[in-house]
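Below is one structure; the comments refer to it alone.
Side chains are part of it too, since the values below use all heavy atoms of this structure and drop only hydrogens, waters and symmetry mates. The sequence lines fix the lettering, A, B, ..., with proteins before strands; numbering per chain opens at 1.
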There are 2 protein chains.
Amino acid sequence: MRKGAETRERILEIAEASVLAKGFGATSIEEVIAEAGITKSGFFYHFKDKNELARALMLRYVEENDRIFDDVFHRGRQLSDDPLQSFLITLKLLAELMGDLPNGHPGCLIATFTYQERLFDRTVRDIASDAVRSWNGRFRDALNEIAAVYPARKGMDLDDVAIMFSCVVDGGIIMSRGLGDPRVLERQILAFRSVVKMLFAPAASDIMLPSAPTAIAAE
Amino acid sequence: MRKGAETRERILEIAEASVLAKGFGATSIEEVIAEAGITKSGFFYHFKDKNELARALMLRYVEENDRIFDDVFHRGRQLSDDPLQSFLITLKLLAELMGDLPNGHPGCLIATFTYQERLFDRTVRDIASDAVRSWNGRFRDALNEIAAVYPARKGMDLDDVAIMFSCVVDGGIIMSRGLGDPRVLERQILAFRSVVKMLFAPAASDIMLPSAPTAIAAE
DNA sequence: AATTTACTGTACCGGCGGTACGGTTTTCAC
DNA sequence: GTGAAAACCGTACCGCCGGTACAGTAAATT
């Protein structure tokens, strides 16, 4: 009972690392069970086939990411009452989180799965797309809160800006790997942060209007 | 001689589609040859193993993309003498290109390969990373040219902005697929374009300085 | 006509995903 | 402590796939 959950977790951990390094199709069950120190029968006791492994991996990844976002948005709100400042803090925390990973970001499961979508059934894809939608929603909500206080510069749709964060992260992971420089991801998140700052900075045309509330934290 | 090149090309086309849909590890040679209407012997006549197929796919992809960038940067320069305007035109052309693809962008081979890097030898990875570096270089050069005329706003490193384009494209492709909306990619490129505009737009602090040359094209 | 190119056909190996099923040990509830 | 459920192990097997080997052949090129 208890031990079963442990083994299951170990399988998932090993499988995730392999999937992120070689792709799902190239991840062999035999390899996973060898590393986990169990037999094939043991594996199929926990997952009835490879697709169920995929679903479990995706669920685990989504829940983990949800927790991270919960935490980092919460801390952002704790450190400032101003929506812009707290969002900037959140972004900085996210950048630090990514930068502190010793070997770079291990990879985004969503990205690997969307690039191998023909391998999975609908349920797996639905979990992924629902998660992406919810994460984008968090960022859009944060941007909307800011826009209620600070007038945004024209020319950019806030929905697109929200999605841009996800793009920058997924793209940043790919670039970090492709260029062999783990710091690219952190820098890209900080670049996105600068975009948010620019977006809500008073434009030239606004110079004579009463200035917005002064910044508290986040340099 | 002539016919051999045709067959080779057909194999590459079929393999690329499969790799982008299922990943390289899950792309079976048997499937490819079945669709191409040749035998396994015929396949191994053209590629001595799967890794050589990967290398050929990567080379083909890189060359194709180089041509596209050549074309789109050239047209941008043709349509305006101003470096900012011509870059904005180039970005708009790229966005249109991506938006006109009927079934959305088929996928970025660089992205699939970096997420399956353990499957390939160094030569393949080197081709990919050299290509990414050269593409980022194009964008950084364009930004430097602009910065020589228009003062950039502080807070963003131009190298990071250049890399951001690649991130937005690769991330945009993933988001387009994940959300099931092919237009996301186009919108993300246009959002990046807006970032460039903001970056070089006169800031509030510059309002009293003589204004920069007026825009010619690219709304 | 000779040679090279571009394949086909056949046979084979080992690894892998997956199934089936019977047996065994560990854990927990009572 | 015992019984039942949980958590595995062992073995045997199937078909697909990557890859090798090698002999043969039709078509294009020289």
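- Here the P atom of nucleotide D/dA6 and the CZ atom of A/Arg8 are 15 Å apart, to the nearest Å.
- B/Phe120 and B/Phe113 have parallel rings, their planes meeting at less than 30° on a 0 to 90° scale where 60° marks the start of perpendicular.
- No hydrogens or angles were tested; on distance alone, nothing pairs the side chain of A/Lys40 with the base of D/dG10 as donor and acceptor under 3.5 Å.
- For B/Phe73 and B/Phe139, the ring centers sit closer than 6.0 Å to each other.
- Contact annotation: side chain of B/Lys50 to base of D/dG19, donor-acceptor pair absent below 3.5 Å.
- As rounded to whole Å, 12 Å separates atom C1' of C/dG15 from atom CD1 of A/Ile33.
- Rounded to an integer number of Å, the gap from B/Ile38 CD1 to C/dA6 C1' is 10 Å.
- Nearest nucleotide to the A/Ser28 side chain, out of D/dG19, C/dC16, C/dC7: C/dC16.
- With rounding to whole Å, B/Ile29 atom CD1 is found 8 Å from D/dC17 atom C1'.
- With hydrogens and angles left out, the side-chain atoms of B/Asp82 and B/Ser80 include no donor and acceptor closer than 3.5 Å.
- At whole-Å resolution of the value, NZ in B/Lys48 and P in D/dG18 are 17 Å apart.
- Taking atom CG of B/Asn51 as the reference point, atom P of D/dG18 lies 14 Å away to the nearest angstrom.
- Listed nucleotides: C/dC16, C/dG18, C/dA6. Nearest to the side chain of B/Tyr45: C/dA6.
- Residue A/His46 places none of its side-chain N or O atoms closer than 4.0 Å to OP1 or OP2 of D/dA7.
- The side chain of A/Thr7 contributes no N or O atom lying less than 4.0 Å from OP1 or OP2 of D/dA7.
- Checked for salt-bridge contact, A/Glu13 and A/Arg60 meet the test: a charged N lies under 4.0 Å from a carboxylate O.
- Listed nucleotides C/dG9, C/dA6, D/dG18 differ in distance to B/Glu30; the shortest reach to its side chain belongs to D/dG18.
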Donor-acceptor contacts, no H, no angles, side chain residues 97-108 of chain A, under 3.5 Å, sequence neighbours left out:
residue  : atom : partner  : partner atom : Å
A/His105 : ND1  : A/Gly107 : N            : 2.8

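- To the nearest angstrom, C1' of C/dC16 lies 15 Å from CG of A/Leu53.
- Atom C1' of nucleotide C/dC12 and atom CZ of B/Phe44 are separated by 14 Å, given to the nearest angstrom.
- Between A/Ser41 and A/Thr27, the residue anchored closer to the 5' end of DNA chain C is A/Thr27, taking for each the nucleotide with the nearest heavy atom.
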